[in-house]
Asks: 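One structure, pasted below without further comment.
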Protein chains: 2
Amino acid sequence: MSSKIICSVDVVLLTLSNSSLKVALLERDHDPFRGVLALPGGFIHPDEDQDTEAAAARMLRDKAGIQSPYLEQLGTFSGRGRDPRGWSLSVSYYALVPGAVVQASERPGIVLHPADDVDWLPFDHAQIVRAALTRVRDKSSYSSLPVYLCGDTFTLPELQTVYEILLGEPINKVSFRRKMDELEILEPIPGAQKAGKAHRPAQLYRLRKQFRRKLSLTDRGINPG
Amino acid sequence: MSSKIICSVDVVLLTLSNSSLKVALLERDHDPFRGVLALPGGFIHPDEDQDTEAAAARMLRDKAGIQSPYLEQLGTFSGRGRDPRGWSLSVSYYALVPGAVVQASERPGIVLHPADDVDWLPFDHAQIVRAALTRVRDKSSYSSLPVYLCGDTFTLPELQTVYEILLGEPINKVSFRRKMDELEILEPIPGAQKAGKAHRPAQLYRLRKQFRRKLSLTDRGINPG
DNA sequence: TTTATTAGTTGCATGATGCAACTAAGTGAC
DNA sequence: GTCACTTAGTTGCATCATGCAACTAATAAA
């Protein structure tokens with residue numbers, strides 16, 4: 001009576017590389033679409049996964065080697081058309097990860113594809129990516145989301161360009177700094193500056209403790225605290 | 001290999017009655033929790049439902065007699081603890097419906113419970129209701145959502161009190177009218193006014209065509225166009 | 001020491017938001 | 001009919017947020 005359904009979890013892993021937003025894709029190692037690039041994902045294992053978010057974290061850990069990024073539920077996509085095997089359901093998440101973490105993940109299979117250039121992907125993964133981009137851009141305009149694309153420490157000019165890449169338009173310097181100040185999520189690192197080529201060095205900042213996430217790279221002690 | 005999962009759909013049907021926000025509850029007619037008030041919901045039927053949204057619409061139609069309200073996906077809740085039968089997954093939606101439509105739905109089983117007073121419900125339905133309230137209130141502060149709690153026609157003072165009930169605080173009259181003007185979703189109904197007790201009558205408005213939804217009551221021709 | 005370059009701040013113009021006080025249009029009391 | 005009362009809707013102004021231009025600050029290279 002209680003019809004059971006094939007349920008999977010898919011993750012839109014977003015990162016910055018070469019100053020543009022990329023989505024992480026992996027070659028599928030099972031049919032359907034074996035060998036084709038697709039979002040990291042897989043079936044939910046009720047005996048193993050506490051809930052769908054834990055399942056999404058497992059996908060990232062096993063398939064992309066990434067520990068605990070910013071992870072948020074995007075939505076659930078369902079229907080007969082999305083999988084050639086029949087009616088299915090995918091609970092989708094998106095993750096934000098600093099470029100350095102993805103580069104250091106030592107999983108050679110990961111392909112970073114320009115996030116805005118996704119035209120077709122297996123299942124309805126292209127639609128899921130587009131939904132993730134819309135969500136991230138919407139939230140970026142009024143929240144602190146983009147900081148999770150930066151490393152542990154960053155300067156305000158660096159963070160500003162991250163916002164500008166996401167929003168696709170230049171931001172006023174003063175307004176940006178005022179907003180960051182109001183959000184009260186950053187703290188300057190005492191005495192730490194980042195020197196550039198030949199100009200005044202910029203103050204380094206980090207997320208205040210309650211907003212921090214420990215990413216795999218940090219866990220391995222590669223980045224300074 | 002592809003472990004299948006028990007999937008249900010639950011709907012948080014919100015409406016206004018006696019100037020306060022209510023959530024629609026129904027007595028369950030199956031175990032577990034037979035006879036206990038819970039959200040309208042049920043198993044997804046892949047052979048019948050195009051997708052989860054169609055399933056949610058079916059729940060509303062069959063269990064609450066309501067045709068096509070504002071319906072939006074809220075999120076997916078999952079895990080071992082939420083259902084005594086074991087690991088399960090619920091794709092949850094919320095619907096906004098004018099009070100008159102619910103009252104006319106002719107399903108005597110519907111109980112309208114104060115939305116903010118929900119302390120315990122079967123499964124994790126209380127948590128789902130709280131998530132819906134948070135979402136609706138967040139969106140209400142910057143969007144046109146609350147109009148879907150009004151009937152087909154309404155005056156601006158009426159709409160303003162709907163916003164005030166949702167947000168729980170008074171709104172400045174001028175600011176409110178400016179905002180409605182900017183949103184460009186309403187149009188005055190030419191020559192139509194609503195007279196009150198002993199004062200100037202208020203202009204009647206309706207949603208502009210592209211934003212309208214045909215609700216069951218409208219379909220039956222009870223409300224004027 | 002001068003120049004170039006980026007970091008960060010200050011002051012002001014412009015626009016959005018909120019309040020008080022106004023006018024408008026109806027009913028009922030007398 | 002006129003006046004009082006009530007709610008609808010508008011106007012003008014004060015206050016706050018946002019954005020721009022121009023400033024100072026700090027470094028390295030010439």
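The sequence lines fix the lettering, A, B, ..., with proteins before strands; numbering per chain opens at 1. Predicted model, so just to flag it, every value in this text is computed and none were measured.
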Asks: Are any side-chain N or O atoms of A:R206 and backbone N or O atoms of A:D152, one a donor and one an acceptor, separated by less than 3.5 Å?
Replies: no
Asks: Going 5' to 3' through nucleotides 3-17 of chain D, assign each nucleotide B (protein heavy atom under 4.0 Å from a base atom), S (under 4.0 Å only from sugar-phosphate atoms) or - (no protein heavy atom that close).
Replies: ---BBBBBB------
Asks: So do A:S90 and A:H125 actually touch side chain to side chain, heavy atoms under 4.5 Å?
Replies: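 No, side chains not in contact.
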Asks: Can you tell me how far C1' of C:dA20 sits from CG of B:N172, to the nearest Å?
Replies: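 Distance, rounded to whole Å: 10 Å.
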Asks: Does A:E158 have more than 12 heavy atoms from other residues, nucleotides or ligands lying within 6.0 Å of its CD?
Replies: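 Result for CD/A:E158: enclosed.
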Asks: A:T15 side chain to A:G99 main-chain N or O, any donor-acceptor pair under 3.5 Å?
Replies: yes
Asks: Could you check whether atom CD of A:Q203 has more than 12 heavy atoms from other residues, nucleotides or ligands sitting under 6.0 Å from it?
Replies: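 Yes - once you tally the heavy atoms of other residues, nucleotides and ligands closer than 6.0 Å, there are more than 12.
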Asks: So, using side chain to side chain contact (heavy atoms under 4.5 Å, CB included) as the criterion, who are the partners of B:A57 when residues are at least two apart?
Replies: B:L71
Asks: Listed in order of residue number, which residues of residues 162-170 of chain A have a non-hydrogen atom at under 4.0 Å from DNA chain C?
Replies: none
Asks: Is there a donor-acceptor pair under 3.5 Å between the side chain of A:R208 and the backbone N or O of A:E187?
Replies: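 No, because the side chain of A:R208 does not come within donor-acceptor range (under 3.5 Å) of the backbone of A:E187.
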Asks: Could you check A:K197 against A:F176 and say which one's nearest nucleotide on DNA chain D is further toward the 5' end?
Replies: A:F176
Asks: Is the closest side-chain heavy-atom distance between A:I128 and A:L121 below 4.5 Å?
Replies: no
